**Student:** 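Quick one: the structure is below, and I'll ask about it shortly.
Bear in mind that the values here come from a model prediction, so they are computed numbers and not experimental data. Just the heavy atoms: all of them, side chains too, but no hydrogens, waters or symmetry mates, feed the values below. Here is the naming used below: chain letters follow the sequence lines, and residue numbers restart at 1 for every chain.
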Amino acid sequence: MMPRLLESPACGTFRARVLALVRRIPSGFVATYGDIAALAGRPRACRAVGAIMSTCRLPTLPCHRVVGAGGQLGGYSDPSRKRRLLQEEGILIRCHRIIHFSEVRWTAQALD
DNA sequence: ATTTTGACCGTGC
DNA sequence: CGCACGGCCAAAA
């Protein structure tokens, strides 16, 4: 079978595509809920992405790298933990906001 | 099947 | 800057 883009809108459910995308965010980078939604083929489904993040408890999913628009921290089951995890990856945060957001914002370039 | 609920986002004040 | 409001869409109830 020919290979497919996991993030292609035609491949799997929205949920599956979202999870696949979030797993691709490299350490030291972040993506917004809206970014993930758009890459998953639903530019306006940012809120749905948040809903998915809130329910899935997969340990292999670096959901702390999904942040709010403009570099806001966004939600998390344990906000202080989210901040710490990001800082441990070299991301600077001040007052619930990522510094140099544009430089650490992940763009899914080089799709297979 | 229908309603409610969010780890959201832009706008407007 | 902060806050309220409406739109949005998948998941859960």
**Student:** Using a cut-off of 6.0 Å, state whether more than 12 heavy atoms not belonging to A:Arg23 lie near its atom CZ.
**Tutor:** yes

**Student:** Could you pick out which residue, A:Val67 or A:Ala51, lies toward the 5' side of DNA chain B when each is mapped onto its nearest nucleotide?
**Tutor:** A:Ala51

**Student:** Would you mind telling me which of A:Val67, A:Ile98, A:Leu85 makes a side-chain contact (heavy atoms from CB on, under 4.5 Å) with A:Ile91?
**Tutor:** A:Ile98

**Student:** Between P on C:dA11 and CZ on A:Arg17, what's the gap in Å once rounded to a whole number?
**Tutor:** 10 Å

**Student:** Compare side-chain N and O positions of A:Arg47 against OP1 and OP2 of B:dA7 and report whether any pair is under 4.0 Å apart.
**Tutor:** no

**Student:** Give one of base, sugar-phosphate or nothing for A:Phe14, where a contact means two heavy atoms less than 4.0 Å apart.
**Tutor:** sugar-phosphate

**Student:** Using only atom types and a distance under 3.5 Å, with no angle test, would you say the side chain of A:Arg97 pairs donor to acceptor with the backbone of A:Gly70?
**Tutor:** yes

**Student:** Both A:Cys46 and A:Thr13 contact DNA chain C. Which one's nearest nucleotide lies toward the 5' end?
**Tutor:** A:Cys46

**Student:** Of the nucleotides C:dC9, B:dA7, C:dA11, which has the atom closest to the A:Thr55 side chain?
**Tutor:** C:dA11

**Student:** Roughly, in whole Å, what's the span from CZ in A:Arg57 to C1' in C:dA12?
**Tutor:** 12 Å

**Student:** Go through the N and O atoms of the side chain of A:Arg44 and the base of C:dG7, and report whether any donor-acceptor pair is under 3.5 Å.
**Tutor:** no

**Student:** Considering only B:dA7, C:dA10, C:dA12, which nucleotide approaches the side chain of A:Ile52 most closely?
**Tutor:** C:dA10

**Student:** Using every non-hydrogen atom in the two residues, find where A:Arg81 and A:Tyr76 come nearest and quote the distance to one decimal.
**Tutor:** NE-OH, 3.9 Å

**Student:** Can you tell me the distance, in whole Å, between the CE atom of A:Met53 and the P atom of B:dC9?
**Tutor:** 12 Å

**Student:** Nearest whole angstrom, please: distance from the C1' of B:dA7 to the CZ of A:Arg65.
**Tutor:** 17 Å

**Student:** Tell me, yes or no, whether the heavy-atom count around A:Arg44 atom CZ, taken from other residues, nucleotides or ligands under 6.0 Å, exceeds 12.
**Tutor:** no

**Student:** On DNA chain B, nearest-nucleotide positions of A:Gly70 versus A:Gly75: which is more 5'?
**Tutor:** A:Gly75

**Student:** Could you state the CD-C1' distance from A:Gln72 to B:dA7, rounded to the nearest angstrom?
**Tutor:** 13 Å

**Student:** Which residue lies toward the 5' end of DNA chain C, A:Arg97 or A:Arg15, if each is placed at its nearest nucleotide?
**Tutor:** A:Arg97

